[in-house]
Colleague: 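Can you read through this structure? Questions will come right after.
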Amino acid sequence: MPMWLRATLLVAIAVWSLYVGFRNEKRVLARLARAARGSVPRAIGVITAYFLALVAVLAVFGLLASITHSAGWPTVTIVVLFIGLTLTAPFLWILAPAEAHGPTSSATSFLDLRRRGAKKGVARAIAYLAVAYHFLLLFPAIGGTAMAIIMIV
């Protein structure tokens with residue numbers, strides 16, 4: 001697969017993931033708040049499972065890609081990695097702060113969760129852990145997948 005096609009598809013996935021992520025954000029935030037059921041420990045478990053599931057999806061597609069690469073099919077390897085990236089990239093943006101609802105209000109994922117019905121402690125647990133998991137788990141996994149797509153010969 002030529003490099004220009006890989007780069008074009010990566011840009012297309014990035015644009016598509018922004019669109020899908022922001023479109024589904026309200027539903028996912030409401031679902032996370034409902035799944036926590038008002039309990040901070042449960043909120044910690046929910047957000048941990050959410051990010052671990054996303055990384056697990058990328059890991060499965062990475063494992064499939066390594067099998068196809070070992071078989072000598074570099075194009076199939078790249079396609080498998082693109083599929084994994086397409087499935088998980090929209091969730092990279094889910095807990096990004098939405099726009100402020102007035103000139104004096106701020107935009108934070110904590111406030112977005114509060115607007116979706118989460119209690120203060122639950123919203124804090126989800127928002128703070130989401131930032132940590134985003135930068136420690138999901139962002140490196142998606143970045144590694146994108147680099148693998150570029151580097152495979």
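No hydrogens, no waters, no symmetry mates; every other heavy atom, side chains included, goes into these values.
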Colleague: Within the structure provided, determine whether L54 and L137 are in side-chain contact (heavy-atom separation under 4.5 Å).
Modeller: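 No, their side chains stay 4.5 Å or more apart.
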Colleague: Looking at A125 and V40, what are the two nearest heavy atoms and their distance?
Modeller: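 Closest approach of A125 to V40, heavy atoms only: CB-CG1, 4.0 Å.
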Colleague: To the nearest 0.5 Å, what is the distance between NZ on K119 and CZ on R124?
Modeller: 14.0 Å
Colleague: What is the ring orientation for Y50 with F91, classed by angle as parallel under 30°, tilted 30 to 60°, or perpendicular over 60°?
Modeller: perpendicular
Colleague: Same hydrophobic cluster for I13 and Y19, using side-chain heavy-atom links shorter than 4.5 Å among ILVMFWY?
Modeller: no
Colleague: What's the spacing between T68 OG1 and I78 CD1 if we round to 0.5 Å?
Modeller: 9.5 Å
Colleague: If you count heavy atoms of other groups shown closer than 6.0 angstrom to CH2 of W16, is the number above 12?
Modeller: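 Above 12, so yes.
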Colleague: State plainly whether one hydrophobic cluster holds both V80 and I150, where clusters connect Ile, Leu, Val, Met, Phe, Trp and Tyr through side-chain heavy atoms under 4.5 angstrom apart.
Modeller: yes
Colleague: Hey, any chance F139 and V11 share a hydrophobic cluster, counting ILVMFWY side chains that come within less than 4.5 Å of each other, even indirectly?
Modeller: no
Colleague: Compare all side-chain heavy atoms of T88 with those of L92 and state whether any distance is below 4.5 angstrom.
Modeller: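 Sidechains of L92 and T88: no contact.
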Colleague: Quick one: CD1 on I83 to CG on L58, what's the gap to the nearest 0.5 Å?
Modeller: 12.5 Å
Colleague: Atom NZ in K26, atom CZ in R115: separation rounded to 0.5 Å?
Modeller: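 CZ of R115 is found 10.0 Å from NZ of K26.
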Colleague: Would you give the length of the straight line joining atom CG of L81 to atom OG1 of T145, rounded to the nearest 0.5 angstrom?
Modeller: 6.0 Å
Colleague: Do you know the tightest heavy-atom contact between V122 and G38?
Modeller: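 Minimum heavy-atom separation between V122 and G38: CG2-C, 3.5 Å.
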Colleague: Would you say R6's side chain and I152's backbone share a donor-acceptor pair under 3.5 angstrom?
Modeller: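 Yes, R6 side chain to I152 backbone: donor-acceptor pair under 3.5 Å.
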Colleague: Check the surroundings of atom CE in M3: do more than 12 heavy atoms from other residues, nucleotides or ligands lie under 6.0 Å from it?
Modeller: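 Yes, CE of M3 has more than 12 neighbouring heavy atoms, counting only those of other groups under 6.0 Å.
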Colleague: Less than 4.5 Å apart, any side-chain heavy atom of I44 and any of L129?
Modeller: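 Yes, close enough: below the 4.5 Å cut-off.
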Colleague: Please check if L136 and M147 belong to a single hydrophobic cluster, counting links between Ile, Leu, Val, Met, Phe, Trp and Tyr side chain heavy atoms closer than 4.5 Å.
Modeller: no
Colleague: When V131 is tested against each of Y128, Y133, F135 for side-chain contact (heavy atoms from CB on, under 4.5 Å), which residue passes?
Modeller: F135
Colleague: Please examine the side chains of V57 and F61, heavy atoms only from C-beta on, and report whether any two atoms are closer than 4.5 Å.
Modeller: yes
Colleague: So F82 and L10, do their side chains get closer than 4.5 Å, heavy atoms only?
Modeller: yes
Colleague: Rounded to the nearest 0.5 Å, how far apart are NE2 of H69 and CG of L64?
Modeller: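 So the gap between those two atoms works out to 14.5 Å.
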Colleague: Has R42 got more than 12 heavy atoms of other residues, nucleotides or ligands less than 6.0 Å from its CZ?
Modeller: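 Enclosed.
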Colleague: Using only heavy-atom distances, determine whether the side chains of S17 and W93 contain a donor-acceptor pair under 3.5 Å.
Modeller: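 The answer is yes; a qualifying pair exists.
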Colleague: According to a 4.5 Å side-chain heavy-atom criterion applied to Ile, Leu, Val, Met, Phe, Trp and Tyr, with indirect links allowed, do L32 and V20 form part of one hydrophobic cluster?
Modeller: no
